[in-house]
K.L.:
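Quick one: the structure is below, questions incoming.
Just follow the structure's listing: the first ligand is 1, and inside any ligand the first atom is 1. Predicted, not measured: the structure shown is a model, and the values here were computed from it.
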Amino acid sequence: MKLICTSCGKDYSMDGAYQRCKDCNEPLEVEHVKGKIKDSEIVWERFSDFYPFVSQQLIGELSLGEGNTPVIRSDKLSDELGNVIYLKDETQNPTWSFKDRGTLIGVIRAIKLGYQRIGTVSTGNMAASISAYGARAGLKTTILVRSDIPEEKIYPIVVYSSNLIEVEAKFGEIYRRSLEIGKETGIYFINSDDPFRVEGYKTIGFEIAEWMSKGENIDYVVVPTGSGGLLRGILKAFLELKSSGVLSKIPKFIAVQAEGCSPIAKAYEKGVDYIEEVEEPKTIAGAIADPSPPSGNEVLRKLKKHGMVMAVSDHEILKAQRMLSKSGIFVQPASATTIAAIKKLSENGYSGKKFLCVLTGAGIKVLTAVREMLKLEGFSIQKTTLEELKSALKSN
Ligand SMILES: *Cc1c(COP(=O)(O)O)cnc(C)c1O
Ligand SMILES: [Zn+2]
């Protein structure tokens with residue numbers, strides 16, 4: 001098997017720690033494989049045909065139980081939006097986001113290459129996920145963050161005893177330098193669109209396809225998009241299933257970004273092939289605020305054929321987050337972009353379509369967003385005395 005450049009097609013040996021193309025600097029991906037979905041309770045066993053390069057024994061040793069997340073149909077959201085809404089609830093992963101699926105495969109890759117140290121560049125879900133799996137695997141783990149990281153975000157990372165370093169630089173620069181310095185210092189950086197992280201994300205696509213094979217159908221998969229790694233992984237799963245003859249048709253994809261940091265959506269609107277870095281990203285959807293998405297150009301290439309890109313505002317995101325919480329599902333702003341995008345589409349003539357939203361991460365990690373959401377609604381806590389409790393309840 002080989003690693004292949006997503007842009008120029010140059011190939012690289014699987015034995016080297018290659019992550020991006022030496023010629024065009026675009027992301028590499030693992031050569032497509034064919035296979036069948038098997039019968040098993042365990043995710044990695046069911047889809048093992050599509051992971052011939054991964055040791056099942058290491059999966060057994062290092063898995064924390066990622067995947068097997070439910071698809072939930074929301075009648076309330078379907079009624080409100082005039083389209084059928086299914087929710088793939090990725091908040092139910094070991095560290096409360098889909099990142100765990102990719103982290104496991106990335107960590108196994110690092111171990112196979114002989115690394116004893118791993119790292120990542122992230123302020124949020126990926127940092128927590130890498131810290132958790134690094135701890136489980138007994139690897140020394142380094143997390144690079146920008147120096148303006150809010151204190152609230154530090155604790156869910158360092159709780160796993162990883163080594164967190166604040167770096168005074170732009171996010172994109174830290175990403176680029178980490179890949180170079182990592183190779184010199186013996187740290188395998190499992191960043192947002194590492195080829196093996198993307199492989200792990202394929203399981204979301206396989207699970208959706210399995211669910212569809214029971215008679216469900218969808219027109220669109222809606223994916224919150226920052227670096228582009230997640231979208232690439234889900235789409236790759238569908239493409240592999242199609243070339244394996246398991247599926248005849250694949251759904252369209254909608255990548256959603258936040259208006260305050262939407263380099264991929266901007267390039268898509270302009271019809272250009274390359275993204276431009278966003279100078280001052282500003283959005284409540286921190287988990288997708290990647291000012292220079294390392295897989296942005298590849299997302300543009302892929303969606304020319306397989307879908308489209310949209311952007312939604314913070315106000316729309318907070319309202320969508322509230323709509324989801326009224327259906328009993330508490331996601332972070334990044335994940336709520338999916339519902340905000342469908343709301344926009346429904347106002348522009350889409351109706352009766354079937355959408356599956358990937359709800360990427362749990363709301364409990366970003367409580368400051370709830371404060372913003374409640375501010376919009378003028379929320380305040382009701383107070384009373386024991387004597388007046390009865391009348392307070394009556395008037396409620
Ligand atoms: C990482 C993340 C995304 C975006 O994934 P990319 O692979 O960077 O495109 C979306 N939502 C949440 C909650 C995330 O943590
Ligand atoms: Zn290339």
Side-chain angles (χ1 to χ4, degrees), residues 2-12 18-29 88-93 95-103 106 120-130 153 156-157 171-172 175 190-195 197-202 204 222-236 253 255-258 261-265 275 283-299 301-303 309 317 321 324 330-338 341 357-366 369:
K2 294 186 190 91
L3 287 160
I4 297 172
C5 174
T6 52
S7 179
C8 74
K10 183 180 165 115
D11 59 50
Y12 294 81
Y18 302 110
Q19 290 165 314
R20 302 190 75 83
C21 182
K22 288 190 157 82
D23 288 351
C24 65
N25 195 34
E26 284 293 293
L28 303 182
E29 72 175 10
K88 176 81 173 148
D89 187 4
E90 289 298 303
T91 72
Q92 300 189 27
N93 275 294
T95 69
W96 308 281
S97 87
F98 73 91
K99 293 285 193 311
D100 296 334
R101 298 175 184 261
T103 299
T120 199
V121 181
S122 161
T123 49
N125 295 316
M126 190 159 55
S129 180
I130 286 282
K153 287 194 166 184
I157 301 171
F171 192 79
Y175 171 100
I190 311 168
N191 290 349
S192 51
D193 67 342
D194 171 87
R197 170 174 286 291
V198 170
E199 286 299 305
Y201 295 162
K202 289 194 311 195
I204 301 175
V222 191
V223 186
T225 299
S227 73
L230 172 62
L231 189 131
R232 285 179 50 208
I234 303 175
L235 179 55
K236 187 165 188 267
F253 280 70
V256 194
Q257 299 212 284
C261 184
S262 56
I264 308 177
I275 54 152
T283 168
I284 190 134
I288 52 170
D290 193 329
S292 50
S295 280
N297 301 334
E298 167 62 0
V299 167
R301 286 191 287 274
K302 278 283 187 308
L303 292 190
V309 192
I317 292 169
Q321 191 182 4
L324 277 157
F330 180 24
V331 298
Q332 41 188 271
S335 310
T337 58
T338 54
C357 301
V358 184
L359 299 184
T360 45
I364 195 105
K365 283 204 182 170
V366 194

K.L.:
Kindly print each ligand 1 N/O atom paired with any protein N/O atom under 3.5 angstrom away, one pair per line, or none if nothing qualifies.
P.N.:
residue, atom, partner, partner atom, Å
ligand 1, 7 (O), S227, OG, 3.2
ligand 1, 7 (O), G229, N, 3.3
ligand 1, 7 (O), L230, N, 2.8
ligand 1, 8 (O), S227, N, 2.9
ligand 1, 8 (O), S227, OG, 2.8
ligand 1, 9 (O), G226, N, 2.9
ligand 1, 9 (O), S227, N, 3.2
ligand 1, 9 (O), G228, N, 2.9
ligand 1, 11 (N), T360, OG1, 2.7
ligand 1, 15 (O), K99, NZ, 2.7
ligand 1, 15 (O), N125, ND2, 2.7

K.L.:
Are any non-hydrogen side-chain atoms of I234 and F253 less than 4.5 angstrom apart?
P.N.:
yes
K.L.:
Mind listing the side-chain donor-acceptor pairs of residues 224-233 below 3.5 Å, one per line with the distance, residues two or more places apart or on another chain?
P.N.:
residue, atom, partner, partner atom, Å
T225, OG1, V223, O, 2.9
S227, OG, G229, N, 3.2
R232, NH1, S295, OG, 2.8
R232, NH2, L28, O, 3.3

K.L.:
So, the side chain of T6 versus the backbone of P27: is there a donor-acceptor pair under 3.5 Å, distance only?
P.N.:
yes
K.L.:
Start with the C-alpha gap between K99 and E90, add the side-chain angles, then the distance that decides, and say whether salt bridge (Lys or Arg N to Asp or Glu O under 4.0 Å) holds.
P.N.:
CA-CA 9 Å; K99 293 285 193 311; E90 289 298 303; over 6 Å; no
K.L.:
Looking only at non-hydrogen atoms, find the nearest pair between Q92 and D89 and report the distance.
P.N.:
NE2-OD2, 2.9 Å
K.L.:
Are N191 and Q19 close enough, and set up right, to give a side chain to side chain donor-acceptor pair (under 3.5 Å), and what steps lead you there?
P.N.:
CA-CA 9 Å; N191 290 349; Q19 290 165 314; over 6 Å; no
K.L.:
Enumerate the protein N/O/S atoms at a distance below 2.8 Å from the Zn ion (ligand 2), ignoring waters.
P.N.:
C5 SG, C8 SG, C21 SG, C24 SG
K.L.:
Apply side-chain contact (heavy atoms from CB on, under 4.5 Å) to A334 and list each qualifying residue two or more places apart in sequence or on a separate chain.
P.N.:
A285, A287, I288
K.L.:
Given side chains that start at C-beta, do those of C21 and S7 come closer than 4.5 Å, heavy atoms only?
P.N.:
no
K.L.:
Does a side chain donor of either S335 or T360 reach within less than 3.5 Å of an acceptor in the other side chain?
P.N.:
yes
